[in-house]
Protein chains: 2
Amino acid sequence: MARAGLTPERLVRAGAELADEIGFDQVTLSALARRFDVRVASLYSHLRNSQDLRTRIALLALEELADRAAAALAGRAGRDALAAFADVYRDYAREHPGRYDATRLRLDPETAAASAGVRHAEMTRAILRGYDLAEPDQTHAVRLLGSVFHGYISLEAAGGFSHSAPDTQETWTRIVDALDALLRNWPAP
Amino acid sequence: MARAGLTPERLVRAGAELADEIGFDQVTLSALARRFDVRVASLYSHLRNSQDLRTRIALLALEELADRAAAALAGRAGRDALAAFADVYRDYAREHPGRYDATRLRLDPETAAASAGVRHAEMTRAILRGYDLAEPDQTHAVRLLGSVFHGYISLEAAGGFSHSAPDTQETWTRIVDALDALLRNWPAP
DNA sequence: CTAGGTTGCCTAAAGGGTTTAGGCAAGCGC
DNA sequence: GCGCTTGCCTAAACCCTTTAGGCAACCTAG
């Protein structure tokens, strides 16, 4: 009886691929077991349970996304950095819809604190250094940027914009322009 | 053998309550049947299947939300209308988290076209009449507002902001201010 | 190079959700 | 009051999750 050579890493990686193919919430231990031609129970030697798998996929996706964002930000500032950052998110979501969905999984606080999620927040703040914002406006702006990027991407993925006229690429560019203008001209309270 | 008096409407309403209590994606025909003290199979006389239930809950939530938004917009314009609209969404999401989640369910195109979703888009556009935006900028702005509101609410619900300093109410107000400023000063391409 | 222990994958089983088929009786329309 | 519709039922098949316990494959020590 040959061994399949399962490891948590291989399983999580395959789970991430599965998520992109069939959707993050269709990712199931059963489906994963089928992919490795192995019984479901065997996976429990490597993963605590189904939720553990999902969490690990989320952590993987957050890492990948943070790595891409860091690479894109290198050497850029201001509007340039903002646009590059925005595009990384959007491109990742289009390339890896399942993984992107995974990044939206609610993590418990200590897992979140140990995740690449904090790198995302740091990078967003780094972009804002190109603009002239003091606290607490900087924090408000961090939240605004996160909201716009996440909101736009998830509405776009849900087909919320699909019907009407201007294409979504143009809207995306114009929104980045608008955010740039807004950050350069942040209103006083 | 007394009849339970089930109807699609009662089931959907109870399903919506269930969603608020246990989360939209925990809403299950089994749980619903338990709530009515009825066998699961009995529900299939009133609902096509599990997905049908979820879709109807989504449609209900979209209606409720559109009704609230319409009431809030009556007699308001400009920043006032924008703030009222934003608050309706946020308050609804806090009051009815399960239903709010349901509004994010992906609907197939014809269902979406027949849903209250179109009222939401119309109202957003109505708000923009208080600002001086021609097409296609108006459409870009509609998309921006939808993205911000949805994105903010879902990040807030996911606990994405919970750790840090300025409270989320203040951020929310400041973001509305910022959007108002941006719309009054929409950058030329 | 083999004896031991460890660990990987297995079978078995229990529990819950979904869905379809077919049956009996409650209650409405005549 | 009679019949027919329709509401809720039992039964059964299928899928996903999780735990318990077993055998064999591999690693390591001697």
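Only heavy atoms go into these numbers, but all of them, side chains included; no hydrogens, no water, no symmetry mates. Computed from a prediction, not measured in an experiment: that's the story for all the values here. Naming: A, B, ... by sequence-line order, numbering from 1 per chain.
The shortest distance between the side-chain N/O atoms of B:S50 and the OP1/OP2 oxygens of C:dG17 is not below 4.0 Å. Distances shorter than 4.0 Å separate some side-chain N or O of A:S42 from OP1 or OP2 on C:dC10. Contact annotation: A:H46 does not reach the phosphate of C:dT7 (side-chain N/O to OP1 or OP2, under 4.0 Å). OP1 or OP2 of D:dC16 has not a single side-chain nitrogen or oxygen of A:T28 nearer than 4.0 Å. Distances shorter than 4.0 Å separate none of the side-chain N or O atoms of A:R39 from OP1 or OP2 on C:dA12.
Within the 4.0 angstrom heavy-atom criterion, base atoms lie near A:A41.
When the nucleotides C:dC9, D:dT17, C:dG17 are ranked by their closest atom to the side chain of B:S30, C:dG17 comes out on top.
Remark: P of D:dC9 and CZ of B:R34 are 15 Å apart, rounded to the nearest angstrom. In this structure, OH of A:Y44 is placed 17 Å from P of D:dG21, rounded to the nearest angstrom. When the P atom of C:dT19 is taken as reference, atom CG of B:N49 falls 5 Å away, rounded to whole Å. Between the CG atom of B:D52 and the C1' atom of C:dT18 there is a distance of 14 Å, given to the nearest Å. For B:L43 and D:dC8, the CG to C1' distance is 10 Å, given to the nearest whole Å. Between A:L47 atom CG and D:dT17 atom C1' there is a gap of 13 Å when expressed in whole angstrom units. Note: CZ (B:R48) to P (C:dT18) measures 16 Å, nearest angstrom. Atom pair B:D25:CG and C:dG16:C1' shows a separation of 17 Å (rounding to whole Å applied).
Residue B:Y131 holds its OH atom at 12.5 Å from CD of B:Q138, rounded to the nearest 0.5 Å.
For the salt bridge (Lys or Arg N to Asp or Glu O under 4.0 Å) test, residues two or more places apart in sequence or in another chain that qualify with A:R68 are A:E95. By the salt bridge (Lys or Arg N to Asp or Glu O under 4.0 Å) test, A:E170 is found to be paired with no residue, residues two or more places apart in sequence or in another chain being considered.
A donor-acceptor pair shorter than 3.5 Å cannot be found between the side chains of A:T139 and A:R143.
Between the side chain of A:D20 and the backbone N or O of A:R99, at least one donor-acceptor pair lies under 3.5 Å.
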